[in-house]
Amino acid sequence: MRTPESDGDIPGQDKPSSSVRSMNSVLNTLRVFEEVALRQPIGVSDLARATEIPKSSVQRCLVTLQQAGWLKVVDPERARWGVTMKALTLGLRSAGEQDLREVAGPVIKRLAADTDETVLLGVRDGEDYVIVAREDTTQVVRVVQEVGARVPLRATSAGVAIMARLNQTEVDDLLQRDLREFAQSPVPDAGELRQEIALTTERGYALNGSSSWYRPQVASIGAAITDAAGQPVGGLTLSVPAMRFDRARETAWAPMVIAAADEISRLLSSA
């Protein structure tokens with residue numbers, strides 16, 4: 001008599017395929033999380049196209065990540081998703097940037113109160129700039145930027161302020177990046193950016209005037225935050241609707257932004 005084993009009909013032989021399905025589910029969930037972190041705010045259709053995962057599977061991944069506390073709906077009207085502070089805090093802690101948010105908190109609150117405009121705190125991550133904290137204006141018309149948003153250094157005033165503190169080789173490498181994601185936006189070319197970096201070095205802050213570099217109708221003043229060795233690790237941005245920005249406000253606000261960034265740098269160095 002043949003045993004089940006002799007026929008190759010091994011009990012539990014479907015377990016490998018079940019394990020593969022489970023692994024694929026985990027990998028899909030991680031891919032969805034990564035895409036949300038990179039592209040937030042983003043909807044299901046865009047996620048499905050970016051990951052090449054069916055929309056129904058993407059939706060299940062989103063719900064799973066929401067239940068675990070990693071993702072949230074940041075734009076209910078358009079059903080757009082973003083990462084939660086749980087994900088951001090864990091990333092900052094593992095990268096050693098949690099201290100920056102803690103020491104900068106009171107300073108950015110004060111700057112937002114003194115100017116009544118939105119203040120953004122960010123850190124450098126390679127070629128990119130990541131927003132890690134925000135203090136909003138009390139005014140109805142305001143600049144909205146999600147915490148966790150990631151943009152190229154060269155597309156932000158704070159990023160340019162950081163680049164002004166780097167050596168020439170690093171700057172050259174950063175300027176070689178192709179900004180296809182901003183093809184329809186007026187991001188300065190390499191020549192214009194070199195001029196702005198030189199001006200930033202001279203005056204101590206970067207300026208994105210009334211014609212936005214990548215966000216229409218947004219102006220900003222950015223300054224670099226440095227560590228104990230004087231290396232730029234982050235930046236501070238005063239972000240203003242272009243309708244409220246003019247030369248007089250630049251003259252008044254720029255020293256305040258520089259002073260706040262310098263204060264955070266000192267606090268970070270002594271932390």
Side-chain angles (χ1 to χ4, degrees), residues 23-95 97 101 118-136 141-159 174 177-187 208 212-218 220 222 234-235 237 239 241:
M23 180 59 70
N24 286 339
S25 177
V26 171
L27 292 175
N28 284 344
T29 301
L30 290 173
R31 285 182 62 198
V32 168
F33 178 76
E34 289 176 347
E35 288 298 326
V36 172
L38 289 172
R39 301 168 182 265
Q40 64 178 328
I42 187 171
V44 174
S45 296
D46 289 338
L47 276 170
R49 282 192 292 270
T51 59
E52 298 182 347
I53 298 173
K55 288 175 65 175
S56 59
S57 298
V58 169
Q59 184 64 47
R60 285 196 295 272
C61 293
L62 289 170
V63 171
T64 297
L65 289 164
Q66 182 184 40
Q67 291 173 342
W70 296 106
L71 296 183
K72 64 180 179 180
V73 177
V74 296
D75 185 348
E77 292 185 2
R78 297 188 301 161
R80 297 291 190 267
W81 292 77
V83 299
T84 64
M85 288 304 299
K86 174 181 179 180
L88 183 61
T89 300
L90 182 61
L92 290 170
R93 192 169 289 144
S94 63
E97 303 295 351
R101 289 183 63 223
T118 298
V119 178
L120 303 170
L121 176 71
V123 295
R124 180 190 178 187
D125 184 14
E127 298 180 342
D128 294 331
Y129 184 73
V130 183
I131 304 299
V132 298
R134 182 187 72 219
E135 282 296 325
D136 287 321
V141 179
R142 65 183 64 182
V143 176
V144 178
Q145 179 70 287
E146 289 295 328
V147 172
R150 173 186 293 268
V151 294
L153 278 173
R154 58 180 290 186
T156 69
S157 59
L174 289 167
R177 175 169 179 175
D178 185 7
L179 300 185
R180 293 179 182 177
E181 61 265 51
F182 299 121
Q184 305 303 315
S185 301
V187 177
N208 173 7
S212 174
W213 290 348
Y214 82 101
R215 301 189 69 195
Q217 304 305 312
V218 175
S220 64
T237 306
S239 199

How many angstroms lie between CG in Leu30 and CH2 in Trp70, if you round to the nearest 0.5 Å?
10.5 Å
Supply the atom-to-atom distance Leu153 CG to Arg124 CZ, rounded to the nearest 0.5 angstrom.
6.0 Å
Report the residues that fulfil side-chain hydrogen bond (donor to acceptor under 3.5 Å, both in side chains) with Arg134, sequence neighbours left out, ordered by chain and then residue number.
Asp136
To the nearest 0.5 Å, how far apart are OG1 in Thr237 and OH in Tyr129?
4.0 Å
Closest non-hydrogen atom pair, Leu47 against Val32
CD2-O, 4.1 Å
What are the two closest heavy atoms between Gly222 and Ser157, and how far apart are they?
N-OG, 3.5 Å
When you measure from the side chain of Arg101 to the backbone N and O of Val132, does any donor-acceptor pair fall under 3.5 Å?
yes
For Asp128 and Pro152, which heavy atoms make the closest approach, and how far apart are they?
OD1-CA, 3.7 Å
Arg80 (side chain) donor-acceptor with Arg78 (main chain) under 3.5 angstrom:
yes
Sequence neighbours left out, what passes side-chain hydrogen bond (donor to acceptor under 3.5 Å, both in side chains) with Ser45? Give chain and number order.
Lys55
Check side-chain contact (heavy atoms from CB on, under 4.5 Å) between Glu127 and all other residues, then give those that pass, not counting sequence neighbours.
Leu174, Arg177
Please lay out, stage by stage, how Thr118 and Glu135 fare under the test side-chain contact (heavy atoms from CB on, under 4.5 Å).
CA-CA 6 Å; Thr118 298; Glu135 282 296 325; over 6 Å; no
For residues 40-54, which residue pairs qualify under salt bridge (charged side-chain N to carboxylate O under 4.0 Å, His left out), counting only residues two or more places apart or in two chains?
Asp46-Arg49
Can you name the nearest heavy-atom pair linking Ser239 to Val218, along with the distance?
OG-CG1, 3.6 Å
Taking all non-hydrogen atoms of both residues into account, name the closest pair between Ala50 and Glu35 and its distance.
CB-OE1, 3.8 Å
Kindly list each side-chain donor-acceptor pair under 3.5 angstrom involving residues 58-67, sequence neighbours excluded, with atom names and distances?
from, atom 1, to, atom 2, distance (Å)
Arg60, NH2, Ser57, OG, 3.1
Thr64, OG1, Arg60, O, 3.0

